[in-house]
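Below is one structure, written out as structure tokens; comments come after it.
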Amino acid sequence: GWYGYRASKAALNMLLQTAAIEAARTRPLAVFAALQPGTVASKLSGPFVPAADALTPAASAAGMLAVLDMLQPTGRAQFVDYRGGMIPW
């Protein structure tokens, strides 16, 4: 049931990776990143995760902004979670 979601996610990741490689040729200091925000308390996550176990939107955003500040240019796309953990892709 998740085929379309997974296929679109893979396509988006490849698009980001390709854009990072192309941009690095002329803009070597550019950083391309896909950020995983964690499980944020919302109507979407509610049926799957108790609100007490989910992040507030403000905590998720603060984490992602801190991660963006620490990323260095690599010439490749970086897949990172809101805590700074690298996600292999």
Side-chain angles (χ1 to χ4, degrees):
W2 291 83
Y3 297 113
Y5 172 81
R6 290 177 179 152
S8 67
K9 184 73 167 172
L12 179 61
N13 289 350
M14 193 65 229
L15 177 65
L16 185 64
Q17 189 67 268
T18 302
I21 292 167
E22 292 292 326
R25 294 178 182 167
T26 57
R27 305 219 182 232
L29 297 180
V31 173
F32 283 72
L35 298 174
Q36 196 278 347
T39 302
V40 178
S42 69
K43 288 181 183 179
L44 177 65
S45 66
F48 306 104
V49 177
D53 294 337
L55 296 167
T56 65
S60 174
M64 290 189 293
L65 288 172
V67 167
L68 284 174
D69 282 342
M70 70 171 219
L71 293 178
Q72 298 296 313
T74 63
R76 311 290 271 174
Q78 300 175 61
F79 301 89
V80 189
D81 70 19
Y82 71 100
R83 296 171 296 197
M86 296 306 242
I87 301 169
W89 187 80

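Note: hydrogens, waters and symmetry copies are ignored here, and every other heavy atom, side chains too, is used.
Here the CZ atom belonging to Arg83 is positioned 8.5 Å from the CG atom belonging to Leu55, to the nearest 0.5 angstrom. Note that the CG atom of Leu68 and the CE atom of Met64 stand 8.0 Å from one another [nearest 0.5 Å]. Atoms OH and OG, on Tyr3 and Ser8 in that order, are 14.5 Å from each other to the nearest 0.5 Å.
Under the side chain to side chain contact (heavy atoms under 4.5 Å, CB included) rule, Leu35 has a single partner from Asp81, Val80, Leu65, which is Val80.
Taking both residues in full, the closest heavy atoms of Ala77 and Ala20 are given as N-CB, 3.4 Å, listed atom of the first, atom of the second, then distance. The shortest non-hydrogen separation linking Gly75 to Ala24 is CA-CB, 3.7 Å. A pairwise comparison of heavy atoms in Pro37 and Ser60 identifies O-OG, 2.8 Å as the closest pair.
Cluster membership check: Tyr82 does not share its hydrophobic cluster with Met70, using side-chain heavy-atom separations under 4.5 Å among Ile, Leu, Val, Met, Phe, Trp and Tyr. The hydrophobic cluster containing Val49 does not contain Leu44, counting ILVMFWY residues as joined when their side-chain heavy atoms lie under 4.5 angstrom apart, directly or transitively.
The shortest side-chain heavy-atom distance between Met14 and Trp89 falls under the 4.5 Å cut-off. Within the 4.5 Å cutoff, side-chain heavy atoms of Phe79 are placed close to those of Asn13. Looking at heavy atoms from C-beta onward, Gln36 lies in side-chain contact with Ile87 at the 4.5 angstrom threshold.
At distances below 3.5 Å, at least one donor-acceptor pair connects side-chain atoms of Ser45 with backbone N or O atoms of Val40. With hydrogens and angles disregarded, no donor-acceptor distance shorter than 3.5 Å links the side chain of Gln78 to the backbone of Ala33. In terms of modelled atom types and a separation under 3.5 Å, the side chain of Thr39 and the main chain of Ala54 share no donor-acceptor contact.
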(Q) Val31 vs Gln72, test: side-chain contact (heavy atoms from CB on, under 4.5 Å). Steps then yes/no. (A) CA-CA 7 Å; Val31 173; Gln72 298 296 313; over 6 Å; no
